[in-house]
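FYI, side chains are in, hydrogens and waters are out, and symmetry mates aren't considered; it's all heavy atoms of this structure. Here is how names work: the chains are called A, B, and so on, in the same order as the sequence lines, proteins then strands, and each is numbered from 1.
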There are 2 protein chains.
Amino acid sequence: MKTRKRRRLSPEERERQIVEGAIRFFAEVGFEGQTRELAKRLGITQPLLYRYFPSKESLIERVYHEVYIKRWQPHWESLIVDRRRPLQERLVTLYREYTQVIFNYEWVRIFMFAGLKGVNITERYLAIVQDKLFVPVCTEMRELAGLPSTAEVPLLPEELELAWDLHGGVYYLAIRKWIYNLPIPEDLSDHIERVVHSFIAGTPPTLRRLFAEKPLRQQHSAS
Amino acid sequence: MKTRKRRRLSPEERERQIVEGAIRFFAEVGFEGQTRELAKRLGITQPLLYRYFPSKESLIERVYHEVYIKRWQPHWESLIVDRRRPLQERLVTLYREYTQVIFNYEWVRIFMFAGLKGVNITERYLAIVQDKLFVPVCTEMRELAGLPSTAEVPLLPEELELAWDLHGGVYYLAIRKWIYNLPIPEDLSDHIERVVHSFIAGTPPTLRRLFAEKPLRQQHSAS
DNA sequence: ATTGTAATTTATCATTTGATTAAATTTGTG
DNA sequence: CACAAATTTAATCAAATGATAAATTACAAT
């Protein structure tokens, strides 16, 4: 057919090219995708893959690292707690930036493939999301609702659940689009604005009701 | 090792046993799961599978039919529009019954595997969900909000999006549990009660605002 | 007990697939 | 122009994988 002329790249460039091709490839077909097919799409031969990665599994590990570890933005964590700005604004900014990283074909599909496979990258990643994003968000919501700080009364599972719910609503849009292949609203930014607004408006009353129901929970175990 | 004595079943029984085993098996490992491994788990030999299903693909088709087509309950559709009961009660009942069908390991994981594979079962199924559940729900919400009926003013995409959001929030719990392997609140029934309550309370104002923004949309194209 | 049918197993085929190796080739740079 | 290194070619291995045909055996009817 075509056989474009052989191109000689520096090891760094070639490795990068393989990793990026692997991300696209595994996102499309899953991790059972064959090394021969990946090589074909890259326009290289299969043995060359093994010059750069000792095994398919090591290439997959690299894909995880590239997509989930390297793309995490530590400044998200400080953004949430920056009380110089209104909480609504912080949350809208956070979710706009966060979705800019994760709302794409590769991120969403590889994450799902990994979850189904039982690779612990998903559990580890979501533990970080909970620790670094949801917990601070809940802490700020306490403040907003005029309730005792988390230093005084530790977070309740129900509070975290509210953050998960906000997150889940947004993330389900990505699932609809890149996994179920369904249309979603064009303007994600508007959508985020709305759901955050509704979260800010709806959560404090819920929290206060929650605290009214379980008032003495912590005091008992402390004495 | 053990080799339990060969057991001879009636074709109907054996077929049922294979289908149920296949549902469990493919839900766990995905459709790349091997026929030999499936046979081993069933305690039969691999060629026997091919006596009951001409190909692996036909067995998979059967799994789809068994899990998604056969488990659909037509009475859900009439439940939604039964105006003798308050809407909140109808929605809570609907989601309790619906989750009773879909909140399980097999349903959630096979659906996700199929979605990733691009099998059109997911698109077809969700089109039904939208037509038979979301559209009627939106119609009822119009009534609740004191807005023109859908006969007078056709549904807006934004209205459907609100139903998707409710659905997505609930479904994301299932994803967390059976795909990400994370803990979720024990009492799903309570959770449904809460989110439906919040939906009933929060949606009518949103709808009215939506209608105030786009008042003449349909009249223009009609004249 | 015997028998016959059909359920089930045994054995096997042809591909696919991750991985390896050795030698040949070609690219780009000094 | 030469040469070191990147890349391909080609061959191959062993295990796995969907599928098939022929041999075996369970069990109900007689």
Side-chain angles (χ1 to χ4, degrees), chain A residues 1-64 110 113-114 116-119, chain B residues 1-64 110 113-114 117 119:
Chain A
M1 291 290 181
K2 41 111 231 270
T3 354
R4 235 199 14 264
K5 203 156 147 200
R6 175 196 300 200
R7 283 221 338 256
R8 186 191 183 108
L9 301 183
S10 73
E12 299 73 32
E13 256 186 292
R14 180 66 78 191
E15 180 172 318
R16 198 183 42 77
Q17 183 214 23
I18 290 175
V19 170
E20 286 177 8
I23 290 172
R24 259 176 286 124
F25 178 65
F26 290 131
E28 181 182 334
V29 304
F31 300 117
E32 293 84 0
Q34 304 148 17
T35 55
R36 281 174 178 81
E37 175 64 20
L38 168 59
K40 187 189 286 181
R41 294 198 190 190
L42 285 165
I44 64 175
T45 58
Q46 187 225 17
L48 189 58
L49 291 175
Y50 286 88
R51 183 159 189 91
Y52 288 88
F53 294 90
S55 69
K56 183 182 176 182
E57 194 50 38
S58 72
L59 175 55
I60 292 174
E61 283 301 321
R62 175 64 177 278
V63 165
Y64 291 143
I110 292 178
F113 277 121
L116 285 166
K117 200 175 163 187
V119 183
Chain B
M1 290 291 180
K2 44 120 228 267
T3 356
R4 233 198 16 263
K5 202 158 150 201
R6 177 196 301 203
R7 279 220 341 255
R8 187 189 182 109
L9 301 184
S10 75
E12 299 73 33
E13 254 187 295
R14 182 66 81 189
E15 180 174 318
R16 199 184 42 76
Q17 181 214 25
I18 289 175
V19 170
E20 285 178 8
I23 290 173
R24 259 175 287 124
F25 178 65
F26 290 130
E28 181 180 335
V29 303
F31 300 117
E32 293 85 1
Q34 304 145 20
T35 55
R36 279 176 179 78
E37 175 64 21
L38 168 58
K40 187 191 285 182
R41 294 197 190 189
L42 284 165
I44 64 176
T45 60
Q46 184 230 14
L48 189 56
L49 293 175
Y50 286 86
R51 179 152 194 98
Y52 289 88
F53 295 90
S55 68
K56 184 183 177 182
E57 194 50 39
S58 72
L59 174 56
I60 292 174
E61 282 302 320
R62 175 63 177 278
V63 166
Y64 292 143
I110 292 179
F113 277 122
K117 199 174 163 191
V119 183

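- Residues E12(A) and S10(A) have side chains that bring a donor and an acceptor to within less than 3.5 angstrom of each other.
- For R51(B) and dT20(D), the CZ to P distance is 13 Å, given to the nearest whole Å.
- Aromatic ring pairs are classed by plane angle as parallel below 30°, tilted from 30° to 60° and perpendicular above 60°; the pair F31(B) and F113(B) is perpendicular.
- For the pair K56(A) NZ and dA15(D) C1', the interatomic distance rounds to 14 Å; values are reported in whole Å.
- One can place CD of E15(B) at 12 Å from P of dT8(C), the figure rounded to the nearest angstrom.
- Side chain R8(B) to base dA6(C): a donor-acceptor pair is found below 3.5 Å.
- For the OP1/OP2 pair of dA19(C) and a distance below 4.0 Å, the side-chain nitrogens and oxygens of Y50(A) include at least one atom meeting the criterion.
- Residue contacts for P47(A): at a heavy-atom cut-off of 4.0 Å it reaches a base atom on one of the strands shown.
- Nearer the 5' end of DNA chain C, as judged by each residue's closest nucleotide, is the contact made by Y52(B), out of Y52(B) and R36(B).
- Residue L49(B) comes nearest to L42(B) through the heavy atom pair CD2-CD1, 4.1 Å, listed as atom of the first residue, atom of the second, then distance.
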Audit row: R36(B), K40(B), side-chain contact (heavy atoms from CB on, under 4.5 Å) steps and yes/no: CA-CA 6 Å; R36(B) 279 176 179 78; K40(B) 187 191 285 182; over 6 Å; no

CA sep, side-chain torsions, deciding dist, call: Y52(B), V19(B), side-chain contact (heavy atoms from CB on, under 4.5 Å): CA-CA 10 Å; Y52(B) 289 88; V19(B) 170; over 6 Å; no

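- Within the 4.0 Å cut-off from OP1 or OP2 of dT8(C), at least one side-chain nitrogen or oxygen of R14(B) is found.
- Between I44(B) atom CD1 and dA26(D) atom C1' there is a gap of 16 Å when expressed in whole angstrom units.
- Here dT9(C) presents its C1' atom at 14 Å from CD1 of I18(B), a figure rounded to the nearest Å.
- Distance, K40(B) NZ to dT10(C) P: 14 Å, rounded to whole Å.
- Nucleotide dA11(C) holds its C1' atom 16 Å from the CG atom of L48(B), rounded to whole Å.
- At whole-Å resolution of the value, CD in E57(A) and P in dG18(C) are 12 Å apart.
- Close to dT8(C), at under 4.0 Å from its OP1 or OP2, lies no side-chain N or O of T45(B).
- Contacts of S10(B) with the nucleic acid, taken as non-hydrogen atoms under 4.0 Å apart, are absent.
- Contact annotation for F53(B): no contact, since no heavy-atom pair falls under 4.0 Å across all strands.
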